[in-house]
Structure formats: C-alpha cells, structure tokens
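A note on names: the letters A, B, ... follow the listed sequences, proteins ahead of strands, and every chain is numbered from 1.
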Amino acid sequence: MIMNTEKPSETGKSPLKANGNGHQVLSERPKPMVTSLKTVMTKMTSKPRPAAILPIPTEDPERTARIRDRARTFIMPLVAIFFVGLFWEIYSSGQGVVLPGPIKTITESWKLIAHPWFDNGPNDKGLGWQLLFSLQRVGMGYSLAAVVGVLMGILIGKSAMAFKALDPIFQVLRTIPPLAWLPIALATFNQANPSAVFVIFITAIWPIIINTSVGIMRIPVEYENVAKVYQLRGSRYFFKVMLPSAAPYIFTGLRIAIGMAWLAIVAAEMLTGGVGIGFFIWDSWNSSRLTDIIVSVFYVGMVGLALDRIVAKIASLFGTRGD
Amino acid sequence: MSEAMNDQIAENEAKFVDISGVHKLFGSGKSRYHALAGVDLRIAKGEFVSIIGHSGCGKSTLLNLVAGLNMPTTGSVAVNGKEVSAPGLDRAVVFQSHSLLPWLTVLENVLVAVDSVYPDKDKKFRMEEARKYVDMVHLTAHVNKKPAQLSGGMKQRVGIARAFAADPQVLLLDEPFGALDALTRGSMQDELTTIWEKNRKTVMMITHDVDEAVFLSDRIVLMSNGPAATIAKVVEVPIPRPRTREALLEDSHYLEIRKELLHYLIGTGMHSAAA
C-alpha cells in the first residue's frame, strides 16, 4: 500500500554512493565526528575518483540546530515553571489570600518532601507509602479491567450478535461517573478496599472494551483473506493476525484507561478512607494542612504522568504496524 | 475397467478448474449489481490461463469464486472434480496488494503457508521448507526483514513464495504485478515463467496487461465489460515454450495475438466510454 516509502534496497546497498554530496551523507549520521571519517574512508577505497574525496566538514549545521532544539525543549519548560511559580508567589503574598505560595509550601511541608518513606503506624505514613497503596489498588483494578476488557472487546468485535446484544448496555454504563458506582460497590462488598478496586475496574474497562472491539472490527480484509486462503485458524489466527492487527487500538484503549483509573482513585479514596493518596489529601484538608495538599497534588500529577508514559512506552514496543 | 478410470482421470484433467453457468449478484434491491452473467470456463491441468478485461469487468470476482472467498449466486465452481465451498490450500492466491502480514518477517510470512501444509512435521523441517521457497524467489539475503523494509517487487516475490509454499493444485494470481513499475514487472514476469516451467502448476491469472498475458499464458480469456460481464472471446497462444522476450518479438503469432487483443480491448473501451 505504501509504495512510496519503499527503500531502494533491491538495487543499491549504501546510501553513500547514491548522493555524492558530503554534507547530505553526514547529516544522516547521528555521530558526525566518528562516522564522517569512516564515510570518507569508504568513499576513497570503494570509489577512487578524485571527485569522491571530499574535505571533512569542520562543522555540521544540522547537528548544531538539533542540539539547540534539544536545549530549548529542556529550558523552555523551566522558564515557564519559573514564571508560573513567580505569579503564584506574588498572588499568595497578597492581603487576605489563604493559598500558600511555593516557598511557604516547600518550607512548611519539607518533612513530607524529604522523607517519603517514614512510617509511624497505620495513620501516619510518608507520601511514598500513600502513593504505593493507591498504586496497588489501581494496579489490581486496572489489570482486571485490561484482561476482562480485551476479552469482551474481542467477543463483541468478532460476533455481530454479541455486539448487538451488549453494545447498548455498554453505551449506557460507560457514561456513569466512577463515584456513582461506589455506594453500589460498598453495599455489595461491605468493605472499603475491594470497593475502591471495583471503582477503578469499572472506570477503566469501557475504553478498553470499546477500542479493542473497534480494532478487531477493523482488521483489514486483506489479512482476513490471507488467513482464509492459508488456513490460519484458532490460536495461529489469534496470535498472527488478530492481536497484531488490533494491537494499536488495544493499546490506545489501555492508555486512555490508565489515565481514567488514576483520576478515579483519588476521588474513591477520599470516600473510602484508609492509607492512600486520596484519603491523605482529604485528611490534610480536614486538619487544614494546605501545604501538604499542594505537595500531594503535585505528586499525584507526577505519578499520573509516569503511568501514562509507561503504558505509551509498552504500546510503542507492541503496537506499531510495520506497514 | 481401468480404461474407464483412465477416461475419468483424463476428463478431470481436461477440466481441472471447471466454472459452469456462473452468475454473481452483489447486494439487493436498488443497489443490486449483476457482476457476472453466465460464465463458463474450463482450465486443463498444468495450463496457464490469463483473464483480461477492463477494470470493473468482474475479473477479480471470478478469481475470488475459484479461491472460495466468494460464492456464486447460481452455477458451480469445481477444482479437480470437487465443488469449491470454502478457501483452501489447494487454491493459493497471490493478492494484488501483496497482503503480507507486516509484523512477520519474510520467512515467517512464508511459514504461514508451510505450517498449514505440514502441521505435524517438526519445526526444523518446516523452517527448511520455507527457506526453500524464499530461495526460489531469490530473497535468501532478506529472510529476516519485515515487509516494510522491502521494495514493491520483493514484497510480491514473498507473496509468490508463500503461494508456492502452500503447494497448491491451482495458483490464482490477482493482478500480481499491477502495482509494480514496468521494469520490475518485466523481471518478475521472467522469474514467474522460470518457476512455472519447473513445476507446471495450473495457473489462473488476472491481468490488464496485454503483453504480460501473451508472454505468460497458454490461453487468454477476454471478458466483456460489466455489469453482467461474461467471457467474450478465448484466444489460444501457440507460442512454443520456454519463451524468451527476444524470441517473442520474432514470433509471428505474437504480433497477431497482441493485435487481436488490443483491437478487442480498444473497441470495447470506446464502446463503454460512449455508453
């Protein structure tokens, strides 16, 4: 299909022969200083024409441009953070403002920031523990949602009958806000912890089901025909055609789901209590420790970002299509 | 008694692929489309038959019926005396859009067919078998590459290797070189004749390239324009084999057949443009 992106590997081997211009060749290489020498050497040995001997360029304009671009990627966010912090500090230092500024937050909650792993019994643990307990609940609910969601997605993606039967139900259920499930879960399980896990499960499962089923329904006809003609059935069809073909969609669902799961856990824990970042924030509010709340919220954001990036990374390992 | 059996075998071989009275309709109601109307075609064992016609004349529909990817609305399709009811390894297809599985390497794509042919043999045997077919299409150096790393011609060669690896009774080629540039197409046609001369499989090829059809085929089937397309004409190609491109140009039949085909195609083309 993508005939234009074909590589000319059939005819020539090295791109060096193709373009006689030294700069072009060097610009394709990541480490110009080392490889530039090599390129010129191979050029000299393989093509001993005077035109092939080129001077080593002393500076590579594309490389400098790349370094400058990379530096900007790191520096610009720091500049932005500095200004946000500055305006926040200015706002907080105003008359009658309750919100603590960044400097006050860091100094007052320094104990919390510096010692994330302190443990003074069940009601007084460091932020590291709080996050770990929340992550554990998310991990359980999310894993369960991933397994059940992918299986359900395959079912309604493959069977038109199952799709007709279940899709309307899913469409209603997926619009229910996560916390609306909590009372039902509490009534069912009679315990806080499984209820929180259930809320994560029910929040994360919908995007996984829906994206998986779309991925299964969109397996290209060509691959289906290959499977039919060359008799790929059962587990061979599952692993060689269906999963790889639907993988990009499945991982999109998993990535949306991890974000939603992390959004839901804070709210769920505020209501269920126990150790966990959600209840810690609520507890800090009840004891008027505003700076602790700000630090916790910052950590919640960082963990959420990390979760998203981890799933995205796994997706990029499995979810790419070669064609 | 043995004479009767021999007769039976001879009859089967004469109509190895037997398409009789085939109509194919798509859709229903207003969007109903009569694609094929009364197609009768017999292909003998070891024969190379090309089907040529304008785009949309139902050539590919006909091929899909033989492949078992589609069923005729009325009429029947049989291969080696057996009614076609589903796709099978005895009728391997080389698809127009190469249709390699992009997440598998060249070798793994060929293994897909080999594994289905020999589900009971051990891994080593199957690997060797797959390698044999990769060698056949001269891709030995690229066994571990993914399709995205290959050129269009190489991808199609993997498709051909996969089809031969299924060890089919009939090889179905659906415009196999349609997406390739003229030079690659020429060398692929040469390669295909060389492979075909060695094992003489029964081949049904869809094409819209007149030269390709004349160069490769024993018989050329001309289809009329759709809707309700049918076989308009069958042209024999009595050019001796093995054929080479150079010898072809000298052959008196070649120009005659070429002229006949082009005359028909241009004529129907004008007709359909006027209609």
Side-chain angles (χ1 to χ4, degrees), chain A residues 1-15 17-18 28 150 154 160 212 215-216 218-252 254 314-323, chain B residues 63-64 66-70 86-105 108-117 119 138-139 141-142 145-157 159 162-163 165-166 168 172 174 178-181 183-184 187:
Chain A
M1 240 146 279
I2 309 168
M3 292 297 175
N4 304 336
T5 56
E6 284 163 16
K7 294 182 180 172
S9 40
E10 199 166 17
T11 48
K13 273 294 118 212
S14 109
K17 285 176 199 157
E28 289 177 6
V150 169
I154 290 171
T212 304
I216 298 291
R218 288 200 190 156
I219 297 174
V221 174
E222 292 112 74
Y223 302 158
E224 294 280 15
N225 282 347
V226 167
K228 281 182 196 155
V229 169
Y230 295 105
Q231 306 286 300
L232 284 154
R233 297 209 194 99
S235 69
R236 287 177 68 217
Y237 173 75
F238 185 81
F239 288 112
K240 293 217 158 116
V241 179
M242 197 164 85
L243 267 196
S245 185
Y249 292 89
I250 296 175
F251 278 106
T252 304
L254 288 174
I314 296 168
S316 74
L317 294 178
F318 290 97
T320 47
R321 274 188 195 195
D323 203 343
Chain B
L63 183 122
N64 282 346
V66 179
L69 290 167
N70 242 323
L89 288 169
D90 56 328
R91 287 155 284 125
V93 184
V94 176
F95 298 94
Q96 183 179 7
S97 55
H98 70 78
S99 293
L100 302 177
L101 299 174
W103 40 83
L104 300 182
T105 64
E108 287 166 338
N109 265 296
V110 178
L111 261 175
V112 158
V114 175
D115 287 350
S116 298
V117 181
H138 309 296
L139 287 174
H142 309 282
K145 284 191 182 158
K146 296 271 170 74
Q149 293 167 276
L150 304 176
S151 70
M154 291 159 102
K155 282 182 203 164
Q156 205 48 281
R157 266 144 71 187
R162 180 173 62 184
L172 303 169
D174 188 2
L180 305 178
D181 63 272
L183 283 174
T184 316
S187 67

(message) Please classify the contact of B:Leu89 with chain A as side chain, backbone, both or neither, using a heavy-atom distance under 4.5 Å.
(response) both

(request) Pick one of side chain, backbone, both or neither for B:Ala92, based on which atoms fall under 4.5 Å of a heavy atom in chain A. (result) both

(request) For residues B:Thr184 and B:Asp181, report the shortest heavy-atom separation together with the two atoms involved. (result) OG1-OD1, 2.6 Å

(request) Measure distances from B:Asp115 to the heavy atoms of chain A and classify the residue's part below 4.5 Å as side chain, backbone, both or neither. (result) both

(request) Considering non-hydrogen atoms only, spot the tightest contact between B:Gln156 and B:Gln96 and give its length. (result) NE2-O, 3.3 Å

(request) Identify the two heavy atoms, one from B:Leu100 and one from A:Tyr223, that lie closest to each other, and give their separation to 0.1 Å. (result) O-CE2, 3.7 Å

(message) On a heavy-atom basis, which atom in A:Glu222 and which in B:Ser97 lie closest, and how many Å separate them?
(response) CG-OG, 3.6 Å

(message) So which atom in A:Phe238 and which in A:Pro244 form the shortest heavy-atom distance, rounded to 0.1 Å?
(response) O-CD, 4.1 Å

(request) Counting only heavy atoms closer than 4.5 Å, note whether A:Arg236 contacts chain B via side chain, backbone, both or neither. (result) side chain

(request) Heavy-atom pairs under 4.5 Å with chain A are the metric here; pick the option from B:Leu172, B:Asn64, B:Leu69, B:Leu104 that has the most. (result) B:Leu69

(request) Measure B:Arg162 against the heavy atoms of chain A and call it side chain, backbone, both or neither at under 4.5 Å. (result) both

(request) Ignoring hydrogens and angles, state whether a donor on the side chain of A:Tyr237 or A:Glu224 is under 3.5 Å from an acceptor on the partner side chain. (result) yes

(request) Identify which part of B:Ala141 has an atom lying under 4.5 Å from any heavy atom of chain A, answering side chain, backbone, both or neither. (result) neither

